[in-house]
Amino acid sequence: MLVELALYSQGLATATRRATVLPAGATLTGDGAQVAPVGEIGDWLYDPDSAVVRAHLVAELAALLGARLMDPHIAYLTGPFVETAFARAYPIEEVAPFSLKKLRSALRARDIGRLTILKRGSAVDVEQLRRDLRLTGSAEGSLALTRIGSRPIALICGPGQ
């Protein structure tokens with residue numbers, strides 16, 4: 001759940017943006033002017049907390065994690081593992097163009113039955129996809145649907161941390 005608050009007062013105005021993640025009480029600040037690097041997909045996927053995204057502090061989080069964007073318009077980060085309260089981290093196991101048939105096969109090969117589905121920049125209906133995958137396995141996994149440019153991709157990941 002995201003709660004937003006904006007206070008405006010003449011004389012107290014600053015250009016500082018702040019994202020606080022509860023219950024950890026972790027606070028990320030910045031001016032929102034940084035630009036995150038864009039690059040290749042790394043070993044871990046980071047799904048920034050909604051407070052970080054709404055505060056326009058994704059680039060500041062990327063700098064903190066030593067991470068980069070996969071696409072300049074999508075708020076998913078990728079890079080090495082760094083523990084953080086500002087994002088959920090998922091170990092990336094496979095990256096592939098989006099294809100229902102290939103996804104179903106890859107998830108069955110991993111015995112995935114419980115699947116967390118994330119999406120940013122994807123028009124896929126998550127509940128319809130869940131029905132279409134017809135998963136019956138005993139393992140847990142995660143799937144991130146996104147795009148790089150105009151190319152839809154699927155990232156098969158382990159459970160989030």
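Residue indices begin at 1 and follow the sequence shown.
With Thr78 as reference, Ile92 is the one residue of Ile92, Leu155, Val95 to meet the side chain to side chain contact (heavy atoms under 4.5 Å, CB included) rule. Of the candidates Val58, Leu64, Leu65, Leu64 is the only one forming a side chain to side chain contact (heavy atoms under 4.5 Å, CB included) with Phe86.
Ser150 and Pro152 make their closest contact through O-CD, 3.3 Å (heavy atoms, listed as atom of the first residue, atom of the second, distance). Of all non-hydrogen atoms in Ala51 and Ala19, the two that sit nearest each other are O-CB, 3.5 Å. Contact detail for Ala36 and Ala59: the closest heavy-atom pair is N-CB, 3.5 Å. Between Pro37 and Ala67 the shortest heavy-atom distance is CG-O, 3.8 Å.
Around CZ of Arg130, the count of heavy atoms belonging to other residues, nucleotides or ligands within 6.0 Å exceeds 12.
At distances below 3.5 Å, not a single donor-acceptor pair connects side-chain atoms of Arg110 with backbone N or O atoms of Gly158. Without hydrogens or angle criteria, Arg114 side chain to Ser138 main chain gives a donor-acceptor distance under 3.5 Å. With hydrogens and angles ignored, the 3.5 Å screen pairs a side-chain donor or acceptor of Arg147 with a backbone N or O of Gly149.
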Test Leu143 against Ile112 for side-chain contact (heavy atoms from CB on, under 4.5 Å), laying out the working first.
CA-CA 11 Å; Leu143 174 66; Ile112 301 293; over 6 Å; no
Quick one: do Arg68 and Val38 satisfy side-chain contact (heavy atoms from CB on, under 4.5 Å)? Show the steps, please.
CA-CA 5 Å; Arg68 59 203 165 273; Val38 178; over 6 Å; no
CA sep, side-chain torsions, deciding dist, call: Asp71, Thr146, side-chain contact (heavy atoms from CB on, under 4.5 Å)
CA-CA 9 Å; Asp71 179 280; Thr146 190; 5.9 Å; no
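The hydrophobic cluster containing Met70 does not contain Tyr46, counting ILVMFWY residues as joined when their side-chain heavy atoms lie under 4.5 angstrom apart, directly or transitively. Residues Val124 and Leu103 share a single hydrophobic cluster, defined by chaining ILVMFWY side chains whose heavy atoms lie under 4.5 Å apart. Criterion: ILVMFWY side-chain heavy atoms under 4.5 Å apart, direct or through other members. Under it, Leu61 and Trp44 are part of a common hydrophobic cluster. Val82 and Leu45 are members of different hydrophobic clusters when ILVMFWY side chains are connected at heavy-atom separations under 4.5 Å. No chain of hydrophobic side-chain contacts below 4.5 Å, direct or via other Ile, Leu, Val, Met, Phe, Trp or Tyr residues, connects Ile156 to Phe81.
Between Glu60 and Arg17, no side-chain nitrogen of the basic residue sits less than 4.0 Å from a carboxylate oxygen of the acidic one, so the salt-bridge criterion is not met.
For the pair Leu129 and Leu100, the minimum side-chain heavy-atom distance is below 4.5 Å. At least one side-chain heavy atom of Ile117 sits less than 4.5 Å from a side-chain heavy atom of Leu145.
Considering OG1 of Thr20 and CG of Leu28, their distance stands at 9.0 Å, rounded to 0.5 Å. Ile148 contributes atom CD1, which lies 12.5 Å from atom NE2 of His73 (distance to the nearest 0.5 angstrom). The CD atom of Glu93 lies 9.0 Å from the OG atom of Ser142; values are rounded to the nearest 0.5 Å. To the nearest 0.5 Å, the span separating NE2 on His56 from CZ on Arg54 amounts to 6.5 Å.
Within the structure, salt bridge (Lys or Arg N to Asp or Glu O under 4.0 Å) contacts touching residues 20-43 (residues at least two apart or in different chains) do not occur. Sorted by first and then second residue, the side-chain hydrogen bond (donor to acceptor under 3.5 Å, both in side chains) pairs with a member in residues 119-128 read Asp47-Arg120, Gln128-Arg131, Gln128-Asp132; sequence neighbours excluded. The salt bridge (Lys or Arg N to Asp or Glu O under 4.0 Å) pairs that include a residue from residues 72-84 number zero, where partners must be two or more places apart or lie in different chains.
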